[in-house]
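Labels below follow one simple rule: chain letters A, B, ... track the order of the sequence lines, proteins then strands, and each chain is numbered from 1. Remember, it's a predicted structure, so these values are computed and weren't measured experimentally.
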Protein chains: 2
Amino acid sequence: METGRDLMEAVGERCGHCSGRSVSICNVIDDADLPALVAESSRVIVPSGRCFIEEGCAADHFYVLTGGRAKLFNLMVDGRRQIIGFAELGDFLGLASSDAYAFTAEALGDVTLCRFSHSSIERLVERFPRLRGRLQKEASSELVKMQSRLMLLGRKTARERLATFLIEQARPCCVYAEQWRNENGPMTLPLPMSRMDIADYLGLTIETVSRTFSLFKREGLISTKGASSVTLLALGNLADIANGLE
Amino acid sequence: METGRDLMEAVGERCGHCSGRSVSICNVIDDADLPALVAESSRVIVPSGRCFIEEGCAADHFYVLTGGRAKLFNLMVDGRRQIIGFAELGDFLGLASSDAYAFTAEALGDVTLCRFSHSSIERLVERFPRLRGRLQKEASSELVKMQSRLMLLGRKTARERLATFLIEQARPCCVYAEQWRNENGPMTLPLPMSRMDIADYLGLTIETVSRTFSLFKREGLISTKGASSVTLLALGNLADIANGLE
DNA sequence: CGATTGTTTGATATATATCAATAACCGTGG
DNA sequence: CCACGGTTATTGATATATATCAAACAATCG
């Protein structure tokens, strides 16, 4: 912890208190090893809307997201889409076991990435032994998150889904530093994704998402400024709704 | 591969061609090391209906399923249930990152398990280096399966969900040896889980599951003998339905 | 063999989807 | 800065897939 250093720092970005949606490797790299790490990687800048990982394509590289956010999704032949998750600062993408990517990743706004050749992972893990444990740990925490998403999609109502989503967005990583100081008061969140994205994440339609937003507004649980900024006014109540308590 | 030996064999059971729903460690143990492995483990027999892992409880042990099948699920406070998956021969259970189990595991029929202390995993991985790679690989393949479950629960119709489920059950591991020889012909599967279990796995109600079974029967896609045995008569069609092609 | 539990089928209700019309937002160019 | 056009979001009316409620039926087990 004390001697460690972020990969994010190694590639020029700072990591907050994020706990990585996918796989984060905070604090497993010693300062002395930074040059070696940087040598293995290349920086990539992806403009808004561009896909940098495509389902089914050869999984040549994996990425660490160092700026911006991305949506990860799967498609069915007829166009139905399920968003798997939203990647943020520090997340690992494209570490799938197989030789083809299992999902598509598209930049939500401009995104910066640190790219590694897929074959370099062996070298990296050998060189930075703590990295391995970290990868495992984060992979299994990712599995736990997936489990709660199954509950959300299989058993929760639209209200519960949106409340869950909003609570999820309220994690420190997603909120500006000044704002997550007083976690009890109102909390303003940016929502870089469209209503369509939220719908495809929650297994709903845009109309249902929109109506549920309006409902929450009428109930005084949230307020909005445009479609891409929410203020959570009653985190406790939202959490209760998210868990089916009211 | 050639020199390897199954953990399942080490604890007295044979592993078919299963590719492990959770985390399998087939073929990573050398014969010479078997005694050491057995020394670390203890056998457990769980009667039908008994929970051997409970969500929220201290994660002291992890298990390898060596006989029978189990259902893994999460509950909401009001009793809504989402089945995460059905564990089968060779699956690893309870390897969560945190110190509490993230789901409950209940025996579907009698189950035999090989139990390891959670603290022994470090020793095991050190002693059997190939185990580590295998664990990682299987964990990430588990993540891929989870992704397709998100699509199922978020975007598929009841028809598509049940077809997907039936196809899933038709993997070699679940079928008697004689039957998966001719993969093109009719394939008879045991369904050890109740309609309620299937419903909670697919995010539906028992009634909808039952009606969809009947529909498939009327369409000549399947036939049943009692509620716990299905014969798939048209795997291709079912696969098409599962993927939204008809 | 009856009693109990689980499954299937039927009738109806409802949450959410779909279709359709406004309304708000956003970038652009005057 | 404002007007404009296109996009995205909201709201409304209606349809529909699935849930819910209820009954008959089948399987299981003493």
query = Under 3.5 Å, is there a donor-acceptor pair between the side chain of A/N243 and the main chain of A/A239?
reply = yes

ask   = Step by step, would you call B/Y201 with B/R149 a side-chain contact (heavy atoms from CB on, under 4.5 Å)?
value = CA-CA 10 Å; B/Y201 181 66; B/R149 306 232 32 236; 3.3 Å; yes

query = Are any side-chain N or O atoms of B/R161 and backbone N or O atoms of B/V209, one a donor and one an acceptor, separated by less than 3.5 Å?
reply = no

key: More than 12 heavy atoms of other groups within 6.0 Å of B/L245 CG   = yes

Could you list the protein-to-nucleotides 15-17 of chain C atom pairs, N/O on both sides, closer than 3.5 Å?
unit_1 : atom_1 : unit_2 : atom_2 : d
C/dT16 : OP1    : A/A158 : N      : 2.8
C/dA17 : OP2    : A/T205 : N      : 3.3
C/dA17 : OP2    : A/T205 : OG1    : 3.0
C/dA17 : OP2    : A/T208 : OG1    : 2.4

message = I need the CG-P distance between B/L162 and C/dT7, as an integer number of Å.
response = 14 Å

request  = Count the heavy atoms belonging to other residues, nucleotides or ligands that lie under 6.0 Å from CG of B/L215, then report whether that count exceeds 12.
outcome  = yes

message = Tell me if the centroids of the rings in A/F73 and A/F103 come within less than 6.0 Å of each other.
response = no

message = Over the length of the helix from C/dC1-D/dG30 to C/dG30-D/dC1, how much do the five-pair end axes diverge, rounded to 10 degrees?
response = 40°

Protein-nucleotides 7-9 of chain D N/O pairs under 3.5 Å:
unit_1 : atom_1 : unit_2 : atom_2 : d
D/dA9  : OP1    : A/R195 : N      : 3.0

ask   = For residues B/K217 and B/S223, is any side-chain donor paired with an opposing acceptor at under 3.5 Å?
value = no

message = Going by salt bridge (charged side-chain N to carboxylate O under 4.0 Å, His left out), B/E106 matches just one of B/R69, B/R81, B/K71. Which one?
response = B/K71

task = May I have the distance from A/R218 (atom CZ) to D/dG12 (atom C1'), rounded to whole angstrom?
result = 12 Å

inquiry  = Taking the six-membered ring for Trp, are A/F92 and A/Y63 closer than 6.0 Å centroid to centroid?
reply    = no

request  = Check the distance between C/dA24's P and A/F213's CZ and give it to me in whole angstrom.
outcome  = 18 Å

request  = Could you check how far NZ of B/K225 sits from P of D/dT28, rounded to whole Å?
outcome  = 12 Å

query = Is the backbone of B/D197 close enough, under 3.5 Å, to the side chain of B/D200 for a donor and an acceptor to pair up by distance?
reply = no

